[in-house]
Structures are given as structure tokens and as C-alpha cells.
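What follows is a single structure, written as C-alpha cells, with notes after it.
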Amino acid sequence: MKLATFNINGIKARIEALPAWLAQAKPDVVCLQEIKSVDEAFPREIFEDMGYRVETHGQKSFNGVAILSKLPLEDVTRGLPGDDTDEQARWIEATVIGERRAIRVCGLYLPNGNPAPGPKYDYKLAWMARMEARVKTLLATEEPLAFCGDYNVIPEPQDAAKPEAWVTDALFLPETRAAFRRIVNLGLTDAFRARDPRPGQYSFWDYQAGAWERNNGIRIDHLLLSAQCADLLREAGIDKAVRGGEKPSDHVPVWVELDA
DNA sequence: ATGACAGCCCTAGGCTGA
């Protein structure tokens, strides 16, 4: 099973680039972030015609997540538990029925949190605490789990071309990294890091100031796997070339191949 | 020091993102 995460920065803006990548990379399952669309406006037929089931959790203008899957999906749920007043669409779960194993896949778009300090940063940290609680709950099921998405967290200095430029940023503040480590330390594996420990592997390059041309990137899109899922890990990669394509997102796809 | 780029929305400048 090839499982990917991709922050597309708007489904309408990526209506050509996303199908082109799907046709070339042929993932079985893709978690999308920042669809920036309500469910009714998501162009699902394009993907259904390519053989994908489409499950969306959208909202108007901002955020929004989705799962595309060529494999059967069960028990789809929307929203991150822990705050009934939270209206931001940032979490979707589904059980993917692989040929050999079923995987509980969680697609997530973790809040950016800038500027920090401030209410947006408070929301980010509270959201991460809710995610930690949800991970704990799911770990108790002992199903293989994959948490895939845009974490808006630079885990280590080696995950940024210019770490010194991020020291006061919500993506790299010590409190952010500590909250990320608390989640990982529940027993999850950063799949890409496990398979490719080299520094300088990025998943995001800003549109501004020639960041792509200068390779001034950061690695903030991650697939965190539970132990039962990490046991199935065969390969991981970042489709960097997508950033150099026609009308690209500022993020690129990150993927794993699982024996499932 | 600031803006730079891109996408979204009650089409046009303001908000958001990272």
C-alpha cells in the first residue's frame, strides 16, 4: 500500500497538478490538506474517474482535509475530538482495507500558530494536546495507525535550510517541538526520518524570495506510524520534483510504501 | 525595516498562510 500526504493549497488551484501527480505516482491512499473548499464544491468526479473513493471534510475558504483511496474505506470520521466549539476542518480518519492489513489512517492539518505568542499560538498548542489525547486513544486499539499530514512543525534544526531564521516562529519554537516530541514519544515513528536520516530533506518551500530556487526549505509534512504500522514500513520518500512543476503547491507529497 | 507570493472571497483589496 502506497500512502501519501500532500498539502495542495487549494483544490481549485491544483485542479491540473494534483491529477497529474496522482497519474504519475499512483498512490493507493492520499491525505490532502488545505483543500480550501466546502464538501459540495470539491470536484470529486475527477478523482472518482481515476479510481479513487473521495471523503472530504471541508470548510469555506480555509483549511479542509480529504482522503482519496483506491482501497475500500470503513468507519470514516471527521473532526478532532476534544473541543465541540472548534469549527476548523483539520482532521479526518478512515480505516483503509489493504490486501493484507487494515490501517487506521488519520489525515491532519495542524494549525500554523503564528504569530507567537498570541491566540493563534494558544490554539495550536491546545490542538496538539487534543491530538496527543486522540493518539493515545487510538494506540489502545492496537490497530496499525498512520498519522499523515501538514504538522506545521520543524522537528529538528536539520529539517530547515536556515534554522536560525525560524527560532521565534510558531513552527520551530521550543514549546512547539516539545509538544511534537510528546506525540512522537507515545511510540510513533517519523517514517521519512527513519528511512532517510540525511539532513536537508524538505517538503515545503515558500513562494516568496526565491525559496525554491535557493533550496530554502523546511520539512513540516510528516507520516507518523504506530509500532504495528512501522513494522510494515518498506520505503519512504519526498516527491521534491513536484515543486518545480507547473503551478505548484508550496508543499510537495511525502509518501510511504507499507506491506499492507 | 519592509515586502516579496499565492489563494481565497459577495472582483478587489484584505485576510491567511509558513
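Hydrogens, waters and symmetry mates play no part in the numbers below; they use all other heavy atoms, side chains included. Reminder, nothing fancy here: chain letters follow the sequence lines and each chain counts from 1. No experiment lies behind these values; they were computed from the predicted model shown.
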Length of the CH2-C1' vector between W205(A) and dA6(B), whole Å: 17 Å
Rounded interatomic separation in angstrom, taking CD1 from I15(A) and P from dC8(B): 10 Å
Tabulate below the donor-acceptor pairs under 3.5 Å that side-chain atoms of residues 128-140 of chain A make, not counting sequence neighbours, or state none.
{"from": "R130(A)", "atom 1": "NE", "to": "P81(A)", "atom 2": "O", "distance (Å)": "3.3"}
{"from": "R130(A)", "atom 1": "NH1", "to": "D86(A)", "atom 2": "OD2", "distance (Å)": "2.8"}
{"from": "R130(A)", "atom 1": "NH2", "to": "L80(A)", "atom 2": "O", "distance (Å)": "2.6"}
{"from": "R130(A)", "atom 1": "NH2", "to": "D86(A)", "atom 2": "OD2", "distance (Å)": "3.4"}
{"from": "R134(A)", "atom 1": "NE", "to": "E93(A)", "atom 2": "OE2", "distance (Å)": "2.7"}
{"from": "R134(A)", "atom 1": "NH2", "to": "E93(A)", "atom 2": "OE1", "distance (Å)": "2.9"}
{"from": "R134(A)", "atom 1": "NH2", "to": "E93(A)", "atom 2": "OE2", "distance (Å)": "3.3"}
{"from": "T137(A)", "atom 1": "OG1", "to": "A133(A)", "atom 2": "O", "distance (Å)": "3.1"}

Pairwise P distance, dA1(B) and dA12(B) [rounded to whole Å]: 36 Å
Which residues pass the side-chain contact (heavy atoms from CB on, under 4.5 Å) test with N114(A), not counting sequence neighbours? N112(A), D169(A), A170(A), L171(A)
dA6(B) versus dC10(B) - spacing of their P atoms, nearest Å: 23 Å
Would you be so kind as to tabulate the donor-acceptor pairs closer than 3.5 Å made by side chains of residues 144-155 of chain A, with sequence neighbours excluded?
{"from": "D150(A)", "atom 1": "OD1", "to": "N152(A)", "atom 2": "N", "distance (Å)": "3.0"}
{"from": "D150(A)", "atom 1": "OD2", "to": "N7(A)", "atom 2": "ND2", "distance (Å)": "2.9"}
{"from": "Y151(A)", "atom 1": "OH", "to": "F147(A)", "atom 2": "O", "distance (Å)": "2.9"}
{"from": "N152(A)", "atom 1": "ND2", "to": "L110(A)", "atom 2": "O", "distance (Å)": "2.8"}

Which whole number of Å gives the distance between the P atom of dG13(B) and that of dA4(B)? 15 Å
Under 4.0 Å from OP1 or OP2 of dG7(B): is there any side-chain N or O of K247(A) that close? yes
Can you list, pair by pair, the side-chain donor-acceptor contacts under 3.5 Å of residues 209-218 of chain A, counting residues two or more places apart and other chains?
{"from": "R214(A)", "atom 1": "NE", "to": "A209(A)", "atom 2": "O", "distance (Å)": "3.1"}
{"from": "N215(A)", "atom 1": "OD1", "to": "W205(A)", "atom 2": "NE1", "distance (Å)": "3.0"}

According to a strict under-4.0 Å criterion, is R14(A) in side-chain N/O contact with OP1 or OP2 of dG7(B)? yes
Do D39(A) and R78(A) meet the salt-bridge criterion of a basic N to acidic O distance under 4.0 Å? no
How far does the P atom of dA18(B) sit from the matching atom of dG14(B), given to the nearest Å? 22 Å
Reading nucleotides 9-18 of chain B from 5' to 3' and marking B where a protein heavy atom lies under 4.0 Å of the base, S where only the sugar-phosphate is that close, and - otherwise, the string is SS-----SSB
Holding to side-chain contact (heavy atoms from CB on, under 4.5 Å), I want the full list of residues that pass it with A94(A), two or more places apart in sequence or in another chain. I67(A), L73(A), V76(A)
